[in-house]
Amino acid sequence: MALDLEFVRSQFPGFDSPVLSTHAFFENAGGSYPCRQVIDRLTRFYTDRKVQPYAPYPASELGGAEMDEARSRLAAMMNVARAEVSFGPSTSANTYVLAQAVRGWLKGQNAAIVVTNQDHEANSGVWRRLAEEGVEVREWQIDPQTGSLDPTDLAGLLADGRVRLVAFPHCSNVVAEINDVAAISAMARAAGARTVVDGVSYAPHGFPDVAGLGCDAYLFSAYKTYGPHQGIMVLREAFGMELPGQAHFFNQSVLYKRHTPAGPDHAQVAACAGMADYVDALAMQHGISGDAAARGRGVHDLMRSAEVAVIAPLLDYLAGRNDLRLIGPRRAEDRAPTVAVALDRAALPVAEALGRDGIACGGGDFYAVRPLAAMGVDAEKGVLRMSATHYTSPDEIARLIAALDRAL
């Protein structure tokens with residue numbers, strides 16, 4: 001089944017904006033356009049429900065009900081329990097809080113954790129700092145040529161049975177290769193270790209079936225998945241209740257409050273229900289049926305299929321040039337449609353030139369200093385990053401390729 005691109009783009013007001021529509025948008029990895037359903041819910045909340053929620057009067061009851069709806073519907077879509085979905089100000093903040101819980105959990109134990117050098121720094125630095133508590137930090141290193149993580153290397157790191165946690169990305173924000181979360185989680189679980197997955201760079205390309213992946217925590221950002229500026233953390237109950245709580249003592253028995261010390265942004269939490277509205281609209285338009293989890297999986301596959309097709313010409317074009325280095329897999333099927341290239345010059349001025357030519361993209365290190373250094377990329381020069389998603393059109397890809405021809 002082919003994605004109805006006209007219908008998809010009609011769900012995003014950004015494509016009709018007199019400001020945004022002047023450029024073909026290729027910085028989706030930095031933050032996607034919000035869908036109409038999210039904008040409508042956010043507007044309604046600020047217009048009709050902007051009071052303290054959960055009090056016994058109409059506006060407050062409506063506000064609380066919409067916040068509850070967001071948690072319930074996202075949980076159902078990701079195939080987890082409602083209490084296992086937490087909201088926070090950002091994924092970086094959520095990961096930091098989770099790391100503080102793990103710090104207390106491992107204190108005094110002769111324990112080790114595994115981190116990768118493929119990660120964005122948000123899912124690397126906070127875990128590495130557990131060394132301050134005497135936790136041994138082991139690095140699962142990428143191949144310096146391909147940027148790939150080899151599961152055989154992980155097996156060696158797990159062999160002595162001391163590893164209690166493995167933190168790794170579903171895919172990197174510069175390498176973009178899709179890691180086999182289910183296989184890695186099973187390997188870690190067999191060795192007695194929990195798994196924390198950074199899904200920020202993957203979730204925009206299809207919301208995950210977290211139960212199917214088998215990980216203990218999965219974190220991603222709503223503002224990169226067509227929603228408001230919120231971090232979303234799926235924390236499975238067994239792990240979340242085992243960890244020492246990080247919030248008010250009287251909230252310790254409630255899993256979705258147990259590790260969220262910041263007060264919730266009521267309006268943005270409520271608006272997250274719009275992401276589920278959008279998935280359901282796509283499912284209905286494309287004849288995808290079943291329960292929420294089944295609709296989520298169907299829309300995931302629909303998005304991925306469209307992205308593989310639309311990004312392939314860009315990968316073909318870049319592979320044909322000998323004046324740049326394509327980071328990550330050559331095949332569209334093996335990666336997210338986030339495409340980074342190392343140039344023979346600084347990337348940011350090239351991104352600026354593309355901006356003047358009607359292309360919105362970025363240049364720099366994108367907080368991925370460790371993987372770039374491991375692959376021998378000069379962090380001062382950085383990489384040029386062009387990131388698509390399911391709403392990217394073939395015409396926009398053609399415009400990007402033509403602009404690259406002029407800029408490189």
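The shortest side-chain heavy-atom distance between Ile327 and Arg385 does not fall under the 4.5 Å cut-off. In this structure, Arg103 and Arg129 have side chains that are in contact, with non-hydrogen atoms separated by less than 4.5 Å. In this structure, the side chains of Ile232 and Met275 come closer than 4.5 Å at one or more pairs of heavy atoms. Put simply, the side chain of Ser393 does not reach to within 4.5 Å of the side chain of Val310, judged on heavy atoms. When side chains are defined from C-beta on, Thr195 counts as touching Phe168, because their heavy atoms get closer than 4.5 Å. Within the 4.5 Å cutoff, no side-chain heavy atoms of Val38 are placed close to those of Tyr278. In this structure, Met386 and Leu404 have side chains that are in contact, with non-hydrogen atoms separated by less than 4.5 Å. A heavy-atom distance below 4.5 Å is not found between the side chains of Met187 and Val166.
Ser32 contributes no side-chain N or O that, together with a main-chain N or O of Asn28, makes up a donor-acceptor pair within less than 3.5 Å. At least one donor-acceptor pair closer than 3.5 Å links the side chain of Arg335 to the backbone N or O of Thr338. Judged by distance alone, the side chain of Gln11 and the main-chain N or O of Cys35 form no donor-acceptor pair under 3.5 Å. Of the possible polar contacts, none joining the Ser305 side chain to the Leu302 backbone as a donor-acceptor pair under 3.5 Å is found. With hydrogens and angles ignored, the 3.5 Å screen pairs no side-chain donor or acceptor of Thr47 with any backbone N or O of Arg44. At distances below 3.5 Å, not a single donor-acceptor pair connects side-chain atoms of Glu307 with backbone N or O atoms of Tyr391. Between the side chain of Gln246 and the backbone N or O of Pro244, at least one donor-acceptor pair lies under 3.5 Å. The main-chain N or O of Arg71 is never found under 3.5 Å from a side-chain atom of Arg82 such that the two would form a donor-acceptor pair.
Each of Thr389, Ile178, Thr225, Val308 was checked for a side-chain contact (heavy atoms from CB on, under 4.5 Å) with His205, and the lone residue meeting it is Thr389. Residue Gln118 forms a side chain to side chain donor-acceptor pair (under 3.5 Å) with just one option from Asn123, Asn179, Asp143, and that option is Asn179.
Across every non-hydrogen atom of Val200 and Ser221, the tightest pair is CG2-OG, 3.7 Å. Of all heavy-atom pairs between Met375 and Gly147, the closest is SD-CA, 3.7 Å. Heavy atoms only, all atoms of each residue included: Leu348 and Gly363 are closest at CD1-O, 3.8 Å. When all heavy atoms of Ser201 and Cys171 are compared, the pair lying nearest together is O-SG, 3.3 Å. The two residues Ala211 and Asn79 make their nearest non-hydrogen contact at CB-O, 3.2 Å.
Ser17 and Tyr33 share no donor-acceptor pair across their side chains, judged by distance under 3.5 Å alone. A side-chain donor from one of Ser148 and Glu177 sits under 3.5 Å from a side-chain acceptor of the other.
In this structure, Tyr96 places its OH atom where only 12 or fewer heavy-atom neighbours from other residues, nucleotides or ligands lie under 6.0 Å away. Surrounding CD of Glu132 are more than 12 heavy atoms belonging to other residues, nucleotides or ligands, all under 6.0 Å away. The number of heavy-atom neighbours closer than 6.0 Å to CE of Met284, taken from other residues, nucleotides and ligands shown, is 12 or below.
Taking the six-membered ring for Trp and the full ring otherwise, the centers of Tyr226 and Phe12 sit less than 6.0 Å from each other.
Legend: salt bridge (charged side-chain N to carboxylate O under 4.0 Å, His left out) pairs involving residues 266-281, not counting sequence neighbours, sorted by first then second residue: Arg41-Asp277, Arg73-Asp277, Arg73-Asp280, Asp280-Arg295. Each side chain to side chain donor-acceptor pair (under 3.5 Å) pair with one or both residues in residues 362-379, not counting sequence neighbours, appears once here: Glu121-Arg370, Ser124-Arg370.
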Show, in sequence, the C-alpha distance, side-chain angles and deciding distance for Leu3 and His390, and conclude whether the side chain to side chain contact (heavy atoms under 4.5 Å, CB included) test is met. CA-CA 8 Å; Leu3 181 76; His390 69 288; 4.2 Å; yes

Kindly indicate, with the supporting measurements, whether the criterion side chain to side chain contact (heavy atoms under 4.5 Å, CB included) is fulfilled by Ile113 and Leu106. CA-CA 10 Å; Ile113 64 170; Leu106 295 181; 3.7 Å; yes

Take Leu384 and Cys361 through the test side chain to side chain contact (heavy atoms under 4.5 Å, CB included) and record every step on the way to the result. CA-CA 8 Å; Leu384 181 69; Cys361 64; 3.9 Å; yes

I'd like to know whether Glu27 forms a side chain to side chain contact (heavy atoms under 4.5 Å, CB included) with Phe25, so could you lay out the CA-CA distance, the side-chain angles of the two residues, the decisive distance to 0.1 Å, and finally the verdict. CA-CA 6 Å; Glu27 186 50 337; Phe25 187 54; 3.9 Å; yes

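Look at Asp119 and Arg128 and you find no salt bridge, because none of the NZ, NE, NH1 or NH2 atoms lies under 4.0 Å from a carboxylate O. Using a cut-off of 4.0 Å between Lys/Arg side-chain N and Asp/Glu carboxylate O, Arg304 and Glu333 are scored as not salt-bridged.
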Pair up each side-chain donor or acceptor in residues 49-57 with any protein partner under 3.5 Å, not counting sequence neighbours, and list the distances.
unit_1 : atom_1 : unit_2 : atom_2 : d
Arg49  : NE     : Glu66  : OE1    : 2.9
Tyr54  : OH     : Gly64  : O      : 3.4
Tyr54  : OH     : Asp68  : OD1    : 2.7

